[in-house]
Amino acid sequence: MYKFFALILLFVTNEAMACSCKKAEPSEYFAQATNINYGRVIGLEILIDDNGNEFQKVSVVNPETLIGEKTTVVFSRLDDGSCRGNSYMLGYHYVIFTTEDNWTTGVCGGTEVILPKISFFQDYLNKLREISPNKAIKPDS
């Protein structure tokens with residue numbers, strides 16, 4: 001009987017610690033954005049700040065700026081289940097939402113990997129492009 005309660009407690013604790021957020025419409029993310037860039041991750045580096053916290057320095061080839069400033073380097077806390085960071089994969093394309101100081105907005109802030117053969121991700125990118133004031137900006141690489 002004690003094992004059963006311990007097992008339930010374990011699942012409840014894990015669920016409480018896991019990051020979960022309600023997915024918003026692209027227009028909602030866009031309205032709250034400072035910078036949105038779309039590009040391919042070409043470099044990942046793990047750094048440690050003065051307090052011993054690990055974070056990622058993400059280098060991006062940015063063919064498209066949807067709003068704000070063009071950015072080729074962003075910073076992200078590591079995705080530790082707390083909704084404060086993102087996990088990036090080398091070679092993948094992302095729509096990256098960042099703050100004015102180029103920190104990603106976290107997993108609940110709109111940043112998404114854009115997989116080319118999955119229509120959901122392509123639709124997401126296309127909706128952001130539709131509402132972007134930067135329609136004339138084209139890839140420069």
Side-chain angles (χ1 to χ4, degrees), residues 2-141:
Y2 292 109
K3 289 181 184 179
F4 176 72
F5 287 119
L7 187 60
I8 289 176
L9 183 60
L10 178 66
F11 282 118
V12 170
T13 304
N14 281 343
E15 186 65 28
M17 291 174 57
C19 173
S20 64
C21 52
K22 178 185 171 285
K23 288 289 186 181
E25 290 296 316
S27 59
E28 293 175 63
Y29 290 128
F30 198 91
Q32 299 173 14
T34 302
N35 294 315
I36 307 172
N37 288 278
Y38 169 67
R40 184 171 52 89
V41 173
I42 60 169
L44 294 171
E45 188 176 349
I46 303 296
L47 303 174
I48 300 173
D49 68 15
D50 293 339
N51 297 323
N53 300 312
E54 294 180 337
F55 63 96
Q56 285 183 314
K57 177 182 175 183
V58 182
S59 299
V60 180
V61 174
N62 268 338
E64 192 171 359
T65 299
L66 299 171
I67 191 172
E69 299 293 323
K70 181 175 181 173
T71 291
T72 58
V73 175
V74 298
F75 300 96
S76 176
R77 289 186 171 100
L78 296 176
D79 183 10
D80 60 359
S82 66
C83 300
R84 297 179 306 166
N86 296 86
S87 293
Y88 290 90
M89 296 176 287
L90 197 59
Y92 283 78
H93 285 81
Y94 288 85
V95 171
I96 302 174
F97 287 68
T98 58
T99 60
E100 289 176 355
D101 55 357
N102 290 334
W103 280 87
T104 60
T105 57
V107 296
C108 297
T111 296
E112 285 282 352
V113 63
I114 303 297
L115 301 173
K117 297 187 185 222
I118 299 179
S119 62
F120 168 80
F121 296 109
Q122 292 300 312
D123 291 345
Y124 181 73
L125 175 60
N126 290 334
K127 287 177 185 173
L128 290 171
R129 283 177 169 154
E130 286 174 16
I131 56 179
S132 172
N134 297 342
K135 294 182 190 333
I137 295 178
K138 298 292 180 199
D140 62 344
S141 57

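For clarity, every value in this text was computed on a predicted model and none was experimentally measured.
- For the atom pair CZ of Arg77 and CD of Glu54, the computed distance is 13.0 Å after rounding to the nearest 0.5 Å.
- Taking each heavy atom of Leu66 and Ser132 in turn, the nearest pair found is O-OG, 2.5 Å.
- A donor-acceptor distance shorter than 3.5 angstrom exists from the side chain of Thr111 to the backbone of Phe97, with no hydrogens or angles considered.
- Between the side chain of Asp49 and the main chain of Asn51, a donor-acceptor pair closer than 3.5 Å is present.
- With a 4.5 Å cut-off on side-chain heavy atoms, Leu128 and Val95 count as touching.
- In summary, the side chains of Asn86 and Thr104 do present a donor paired with an acceptor at a separation below 3.5 Å, with no hydrogens or angles considered.
- Lys23 pairs by the salt bridge (charged side-chain N to carboxylate O under 4.0 Å, His left out) definition with Glu112, not counting sequence neighbours.
- When every heavy atom of Gln122 is checked against every heavy atom of Pro116, the shortest pair comes out as NE2-CA, 3.4 Å.
- Atoms CG and CG, on Asn37 and Asn102 in that order, are 8.0 Å from each other to the nearest 0.5 Å.
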Next on the checklist: Ile96 vs Tyr88, test: side-chain contact (heavy atoms from CB on, under 4.5 Å). Steps then yes/no.
Outcome noted: CA-CA 10 Å; Ile96 302 174; Tyr88 290 90; 3.8 Å; yes

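- Under a 3.5 Å cut-off, the side chain of Tyr124 and the backbone N or O of Gly110 do form a donor-acceptor pair.
- Side-chain atoms of Asn35 come within 3.5 Å of backbone N or O of Glu69 as a donor-acceptor pair.
- Annotation for Met89 and Tyr94: closest pair N-OH, 2.9 Å, computed over non-hydrogen atoms.
- The nearest pair of heavy atoms linking Phe121 to Ile114 is O-CD1, 3.6 Å.
- The CG atom of Leu125 lies 4.0 Å from the CZ atom of Arg129; values are rounded to the nearest 0.5 Å.
- Annotation: the span from Thr98 atom OG1 to Ile67 atom CD1 amounts to 10.5 Å, rounded to 0.5 Å.
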Checklist entry - side-chain contact (heavy atoms from CB on, under 4.5 Å) between Gln56 and Ile46: does it pass, once the steps are laid out? => result CA-CA 5 Å; Gln56 285 183 314; Ile46 303 296; 3.7 Å; yes

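- Checked by atom type and distance alone, the side chain of Tyr29 pairs as donor or acceptor with a backbone atom of Ala24 at under 3.5 Å.
- Identified under the ring-ring contact (aromatic ring centres under 6.0 Å, His included) test for residues 39-72, with sequence neighbours left out: Phe55-Trp103.
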